[in-house]
Amino acid sequence: MQRSPSVDGLTPESNPAEAGPLKLPWAPAFPLRPLARVTLWLSVVVVAWLWAWGAWQRRWIADDGLIVLRTVRNLLAGNGPVFNAGERVESNTSTLWTFLNYFGALVGGPVRLEYVALALALGLSVAGVVLVMIGTARLFAPRLQGRPALLLPAGALVYIAIPPARDFATSGLENGLVLAWLGLLWWMMVAWSQAPRLDRTGPVFTAALAFVAGLSVLVRPELALVGGLALVMMLVATRGWRARLLIVVAGGLFPVGYQIFRMGYYGLLFPQTALAKDASGDKWAQGLIYLANFDKPYALWLAALLVIALAAVVVAARDTRGPQASHATGRWARRVQSPTAVVIFMLVSGLIQGLYWIRQGGDFMHGRVLLTPVFCLLTPIAVIPVVLPDSVSSARDRGVVLAGASAALWLGIVGWSLWAANSPGMGPDATRVTYSGIVDERRFYSQATGHAHPLTAADYLDYPRMRAVLTAINNTPDGALLLPSGNYDQWDVVPAYPPPPPPPGVSMDTWRRQIAPHTVFFTNLGMLGMNVGLDVRVIDQIGLANPIAAHTARLKDGRIGHDKNLFPDWAVAEGPWLKEHPYVPPYLDEGWITEAGVALGCPETEAMLNSIRAPLGIRRFVSNVMHALEFTRYRIDRVPQYELLRCNLPEPPLKGTPYTGLPATGP
């Protein structure tokens, strides 16, 4: 059917004055025969149940998931989206995940934050797999009208069988949100690609799709490559400046608005987590090690061969019958707004995401960052149609051969899935930090805490040093900097300067505890931050919450994901702590502490720290926006003496007797 001419890209169907009732692109479009419909919904229900059950069997909240909840606590306390009160640092990669947990906490009321995160993560993970199956079923629906067919789970079955996928479905991280966003985007893109064939369009759906695509950067920064490509496709396929303006505004208003807020509030172009890991760097060799570490335990190469073969059979069995696209639009528009282009879009997105993470060096968590690329690549074949021949005259009939090949390959995928789902994974190396730096994070923390399912911050009190930190804080009423000791049952204490006299009428003990500063310097920010009060500053040496560490250079041979390592001397130098022996541990050097204190006076460093520590007003906000690029690029040297040279600052007077290498002489 020829479509009516459009004006500025808006068809008569979107104008009630010129058309009848609006036909929505997401409405049922291609009625399926009962067999296909029943097998589809049976597949969805079975896969969703298996996925939810498998994820629940491996339920846990990661230490990094608890980092998110520390930020949520600060939001609930009125301190803003920060990790430490009074220091505007964005320690969470996914902005949308942080605020979803915040709103979940508001709705949940007295429910523990850990359980809110668990429910959101599991619910979104299941929703993502369901949406991707329904979207793929819609992709195949046009050629199944009036034909007997089975719709069986394939790519979705492969994904839920991968053990790390089930691990991170409930980890308190944003993996579930990523699946839900990809599933929704895929389903909407398929509906959008079929709209010209159905003579269905409208500004509401266009704006909704653009809005979802624009959320990509707030789900995870690197997903901007996926959402941005979707928006480009929409702009190419749309005619008229009004329709294009609608796409730009709906897709860009929210993320651009938040980006301006980020630059003004945090003084950076992206979350500090990306700065801490130097997302612009590359570690190809480590990335290939990470890929092999992910592939080997589950023979993913075999699953890839089965899926590719099955996809080839599905393509060979395609039928070109059905409504055809209108020729009212341009040649490029017809090609871009088509099911084929949408399939290519998702496959290219998966490849780009995979290459990005391999270039980055992967991660220290087994399999985690490659789950998104795998999900994208499996999406177009999440379910597959097995078209049954109308009649059989010979076993060599094309329809019989294709149906038999599809069924055989599908059974192969089912067999692989059953084997992979029960794989021992990384085996004896699962909980050991070997040369690769990669561990099975869930098993590591289960073993370290003694809990099969560490879910709450209280569960992590059984992790080495955690109970001891609460004791150390309680035993230092005047305040202290706590550094991890070689003994797992204690912390090294650097005392704070003695407090001033209390005001009249206030006891010394009460006064000391009200003003006592406490800072804990430790890698595991989540379990620590969730087990101490918000008045305790928690910082790390790798830069997730520590702005000084984040602005150091990436170590070439550092453990992946832990590529920066700030010396604790800096933590002593910048705080109100006693800075000489015997008050500082013997492994710290007084000279380094003094040099670090002088280095903190570097004008560029002071400007960077003031951007996040000084009171935030209009002038500060605008200044941060103007200097966000400069602050993002700024790097300091982690060796205090080298930092003095970089900043052209004078060497402080040397304390004590310089080391000569000669035996000490008597008096």
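Only heavy atoms go into these numbers, but all of them, side chains included; no hydrogens, no water, no symmetry mates.
If you check the side chains of T93 and T273, you find a donor sitting under 3.5 Å from an acceptor. Counting only N and O atoms by type, the side chains of H366 and E441 include no donor and acceptor under 3.5 Å apart. With no hydrogens or angles considered, a side-chain donor-acceptor pair links T476 and H518 at under 3.5 Å. Residues T523 and D540 bring no donor and acceptor atom of their side chains to less than 3.5 Å of each other.
Using a 4.0 Å cut-off between a side-chain N of Lys or Arg and a carboxylate O of Asp or Glu, K579 and E574 do not qualify as a salt bridge. A salt bridge is defined here as a Lys NZ or Arg NE, NH1 or NH2 lying under 4.0 Å from an Asp or Glu carboxylate O, and D167 with R442 meets this definition. Contact check on R537 versus E87 returns a salt bridge, with a Lys/Arg side-chain nitrogen under 4.0 Å from an Asp/Glu carboxylate oxygen. Using a 4.0 Å cut-off between a side-chain N of Lys or Arg and a carboxylate O of Asp or Glu, D563 and K283 qualify as a salt bridge.
Annotation for F99: atom CZ counts as buried by contact number, over 12 foreign heavy atoms lying within 6.0 Å. Remark: F621 CZ is packed, more than 12 non-hydrogen atoms of other residues, nucleotides or ligands lying under 6.0 Å away. Crowding of R633 atom CZ: a count of heavy atoms from other residues, nucleotides or ligands under 6.0 Å not exceeding 12. For Y587, the OH atom counts as densely surrounded, since its 6.0 Å shell holds more than 12 non-hydrogen atoms of other residues, nucleotides or ligands. Dense packing is recorded around OH of Y497, with more than 12 heavy atoms of other residues, nucleotides or ligands lying under 6.0 Å away.
The heavy-atom pair separating A121 from W97 by the smallest distance is N-CH2, 3.7 Å. Considering all non-hydrogen atoms of both residues, L269 and Q259 come closest at O-NE2, 2.8 Å. Heavy-atom minimum distance, M530 versus E114: CE-OE2, 4.2 Å. Shortest non-hydrogen contact noted between A545 and L525 is CB-CD1, 3.7 Å. The two atoms that bring F294 and G367 nearest to each other are CD1-CA, 3.5 Å, heavy atoms only. Nearest heavy atom pair, residue F522 against residue Q541, reads C-OE1, 3.9 Å.
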Evaluate the side chain to side chain contact (heavy atoms under 4.5 Å, CB included) criterion for residues T431 and V439: first the C-alpha distance (whole Å), next the side-chain angles of each, then the deciding distance (0.1 Å), finally the verdict. CA-CA 6 Å; T431 59; V439 298; over 6 Å; no
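Aromatic ring orientation, F261 versus Y266: perpendicular (interplanar angle above 60°, classes split at 30° and 60°). Between F567 and W592, the ring planes are perpendicular. Angles over 60° get that label, and only those under 30° would be called parallel.
Relative to the six-membered ring of F83, R70 meets both conditions, a distance below 6.0 Å and an angle of at most 45° to the axis.
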